[in-house]
Amino acid sequence: LTQARAAIAQRQGARKRPAEPAASQAAAAAVPAASGSPRQIAQAMLGSFGWSSSQFSCLDPLWEHESRWSVNAANPGSGAFGIPQALPGSRMASAGPDWQTSAATQITWGLRYIRDTYGSPCAALSHEQATGWY
């Protein structure tokens, strides 16, 4: 029981709360403007984060599970929001002022979070499969 509580506390305290180093902020400027469906936008952005297109095979099920790729997805229990289920959702403001409505802004933030925390979408998916969260 104590381990379970510790795991929950860790998830609530650390989930999707990476530091925003200057390198990450600079990377936002390097992300190309993308249009289309959220999946198409994410696929177009993978290369700007240093990943091959094969990483989409991990990103797709990860974010399908998290939000069904919906910019409006909200978890009333945790307060997580958006396509990447940022906790709290307002953390995505670091990627742009339109974080509540823009798939591109949410995806930019989510890919930065994955890069800075796990290194790649496939590593993030592996973590989620092992723990139930990323």
Side-chain angles (χ1 to χ4, degrees):
L1 187 60
T2 303
Q3 287 179 330
R5 285 184 181 148
I8 290 169
Q10 179 185 11
R11 283 174 46 188
Q12 291 173 340
R15 186 171 184 227
K16 298 178 186 56
R17 294 177 182 236
E20 296 287 345
S24 290
Q25 292 170 356
V31 175
S35 61
S37 72
R39 284 180 170 92
Q40 291 169 325
I41 293 168
Q43 285 176 311
M45 288 184 181
L46 289 174
S48 64
F49 284 87
W51 301 315
S52 73
S53 60
S54 67
Q55 288 290 318
F56 189 75
S57 68
C58 297
L59 184 65
D60 189 32
L62 179 68
W63 284 353
E64 176 66 26
H65 176 257
E66 289 290 319
S67 65
R68 298 195 188 282
W69 288 88
S70 171
V71 296
N72 300 314
N75 182 322
S78 70
F81 184 80
I83 294 168
Q85 288 292 279
L87 183 61
S90 61
R91 292 194 57 79
M92 292 186 288
S94 66
D98 58 352
W99 65 270
Q100 292 176 306
T101 58
S102 170
T105 298
Q106 291 183 9
I107 291 165
T108 297
W109 184 90
L111 293 177
R112 284 185 356 206
Y113 168 75
I114 287 171
R115 181 196 61 208
D116 295 348
T117 306
Y118 301 102
S120 72
C122 288
L125 179 62
S126 178
H127 184 273
E128 183 183 62
Q129 289 170 336
T131 64
W133 59 277
Y134 89 109

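Below, each value reflects all heavy atoms present in this structure, side chains not excepted, and no hydrogens, waters or symmetry copies. Remember, it's a predicted structure, so these values are computed and weren't measured experimentally.
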What are the two closest non-hydrogen atoms of [X] and [Y], and how far apart are they?
| X | Y | result |
| --- | --- | --- |
| Arg112 | Ser94 | NH2-OG, 3.2 Å |
| Ser57 | Pro61 | O-CD, 3.2 Å |
| Ala124 | Tyr134 | O-CB, 3.9 Å |
| Gly110 | Pro84 | CA-CB, 3.8 Å |

With side chains defined as the heavy atoms from C-beta onward, is the minimum distance between Pro121 and Arg115 less than 4.5 Å?
no
Using side-chain heavy atoms (C-beta onward) and a distance below 4.5 Å, is Leu125 in contact with Leu59?
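Side-chain contact under 4.5 Å: no.
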Check side-chain contact (heavy atoms from CB on, under 4.5 Å) between [X] and all other residues, then give those that pass, not counting sequence neighbours.
| X | result |
| --- | --- |
| Ala103 | Pro38, Ile41, Val71, Ile83, Ile107 |
| Ser120 | Trp51, Gln55, Cys122, Ala123 |
| Ser54 | Ser52 |
| Ser53 | none |

According to the ring pair (Phe, Tyr, Trp, His ring centres under 6.0 Å) rule, which pairs have a member within residues 83-105, sequence neighbours left out?
Phe81-Trp99
Before you tell me yes or no, could you show the steps for Leu62 and Ile114 under side chain to side chain contact (heavy atoms under 4.5 Å, CB included), namely the whole-Å CA-CA distance, both residues' side-chain angles and the distance that decides it to 0.1 Å?
CA-CA 11 Å; Leu62 179 68; Ile114 287 171; 4.0 Å; yes
Pairs touching residues 59-110 that satisfy disulfide bond (SG atoms under 2.5 Å apart), sequence neighbours left out:
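Non-adjacent pairs meeting disulfide bond (SG atoms under 2.5 Å apart): zero.
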If we ignore hydrogens and angles and just use 3.5 Å, is the side chain of Gln85 paired with the main-chain N or O of Ala73 as donor and acceptor?
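Confirmed, Gln85 side chain pairs with Ala73 backbone.
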Is the backbone of Met45 close enough, under 3.5 Å, to the side chain of Ser48 for a donor and an acceptor to pair up by distance?
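Present.
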Salt bridge (charged side-chain N to carboxylate O under 4.0 Å, His left out) against Asp98, all qualifying residues, sequence neighbours excluded:
none
Once rounded to the nearest 0.5 Å, what's the spacing between atom CG of Leu46 and atom CG of Leu111?
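Between atom CG of Leu46 and atom CG of Leu111 there are 6.0 Å.
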Qualifying residues under side chain to side chain donor-acceptor pair (under 3.5 Å), relative to Gln100, sequence neighbours excluded:
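Result, side chain to side chain donor-acceptor pair (under 3.5 Å) vs Gln100: none returned.
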Please say which of Trp69, Phe56, Tyr113 ends up in a ring pair (Phe, Tyr, Trp, His ring centres under 6.0 Å) with Trp63.
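Among the candidates, only Trp69 passes.
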Counterpart residues, ring-ring contact (aromatic ring centres under 6.0 Å, His included), relative to His127 (two or more places apart):
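Here the qualifying residues are Tyr118, Trp133.
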Salt bridge (charged side-chain N to carboxylate O under 4.0 Å, His left out) contacts in which one or both residues fall within residues 39-61, not counting sequence neighbours:
Arg39-Asp60, Arg39-Glu64
